Every structure is written in C-alpha cells, then in structure tokens.
Amino acid sequence: MRRGTLTRRGPPDNRPRTSLRGFFAALLLSTLLATPSAAAEWTPSAYAGASTIELRTVAAGEGEHWFPVWVVVIDDQVYVRLGPRAAGRIEKNQAAPYVGVRILGQQLERVRAEPAPDYAERVAKAMAAKYWSDLIVHHFSHPLTLRLVPEPGGDELHH
C-alpha cells in the first residue's frame, strides 16, 4: 500500500473557501450595483418636518454657494421666505430660475424657484407656527417668498 494515496499532491491550496452566505452577499451586492439608482423624489409631505432646506445659487466670479433657509409646506407645495441677503443671491443667480436643493439627505440639481408674493402672508404664518424663534425673526425684512417646484429631469439624486 502506498502512503498518501488519499491526500492531495502538489502545493497546498491556500485559496479562501467561499461560503454560501458570502456567495449570496456578493450576488446581492452585484445586483444592487447593476440596478440604476432611483431618481430623487420630490415629496413635500416628507419635507414638512424638515427644519431647513439648503439652496444653491451660482454667482459670477463666485461660483456656487449653498445656504440654509427655513422651509414650510402649504397645500403640498414647498415654500421658503428669504431675507435681503438670500434674496440678493437669488436675483444674481446665473442659473435662474433654477436653484439646487438639499433636503433630508437628497440633492436635487434643478428646482425652479418661483416668486410667490401672493403666498407671503400664508408662508409667514406657517413659519410662525413652525419655528419658535420666528417670534423675533418675523420683524426682519423678508422681501422674497419662493415656491420651489422640481424641474422634470432635474431630480438627480446625490447623497
């Protein structure tokens, strides 16, 4: 009887063994990576509880600038109220009428910023109801109230 007939000949096999769990994890990961990511959805009802929304404008010689503002949702529409400085950024925005928006971990590249002077009073009342510090802030000038409307095809999602 020869010795070692039941053992493997040659160099030892140092390759890692793939478990069934590892195989399925790799399969799931490759499936997720191959699936196109869903576009960000404009969901005003979800934004009602958000404290702030960030807007992006682009100014000559300055590039893009992000700034936070308070946000309210009225009749399933998103509104912001801007002070003089933020209103000036909107007026000088080279991407007008579009702004970038960041809210609740999503970033939308093209959102139309529509002046909504007819909603200024309703937005002011909604801000007062939502933010306790509006007790002081409402005394300051807010020359611009905007309705934010997503641009079809501008809903690229970034995290």
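Note that the coordinates shown come from a computational prediction; the quantities given were computed from them, not determined experimentally.
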Residue pair Val111, Val149: steps toward the side-chain contact (heavy atoms from CB on, under 4.5 Å) verdict: CA-CA 6 Å; Val111 175; Val149 181; 5.6 Å; no
side-chain contact (heavy atoms from CB on, under 4.5 Å) assessment of Thr145 paired with Leu82: CA-CA 6 Å; Thr145 298; Leu82 305 179; over 6 Å; no
Pair Leu55-Phe67, side-chain contact (heavy atoms from CB on, under 4.5 Å): steps then yes or no: CA-CA 5 Å; Leu55 303 180; Phe67 57 97; 3.9 Å; yes
Derivation and outcome, side-chain contact (heavy atoms from CB on, under 4.5 Å), residues Val99 and Arg110: CA-CA 6 Å; Val99 294; Arg110 286 175 55 98; over 6 Å; no
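Within the cation-pi definition used here (under 6.0 Å to the ring centroid, within 45° of the axis), Arg81 does not qualify as a partner of Trp70.
Only one option out of Lys92, Arg89, Arg56 pairs with Glu62 in a salt bridge (charged side-chain N to carboxylate O under 4.0 Å, His left out); it is Arg89.
Looking only at side-chain heavy atoms (C-beta outward), Val72 and Arg122 stay at 4.5 Å or farther from each other.
Checked by atom type and distance alone, the side chain of Asn93 pairs as donor or acceptor with a backbone atom of Ala95 at under 3.5 Å. Judged by distance alone, with hydrogens and angles left aside, the side-chain atoms of Tyr119 form no donor-acceptor pair with the main-chain N or O of Ala124 at under 3.5 Å.
Distance check, rounded to the nearest 0.5 Å: OG1 of Thr57 to CD of Glu64 gives 9.0 Å.
Here the shortest heavy-atom pairing between Ala59 and Gln94 reads C-OE1, 3.9 Å. In plain terms, the two heavy atoms of Ala113 and Leu146 that are nearest each other are CB-CD1, 3.9 Å.
Applying the ring pair (Phe, Tyr, Trp, His ring centres under 6.0 Å) criterion to Tyr98, with sequence neighbours excluded, gives no partner residue.
A perpendicular orientation is assigned to the rings of Trp42 and Tyr47, their planes being inclined by more than 60° (bins at 30° and 60°).
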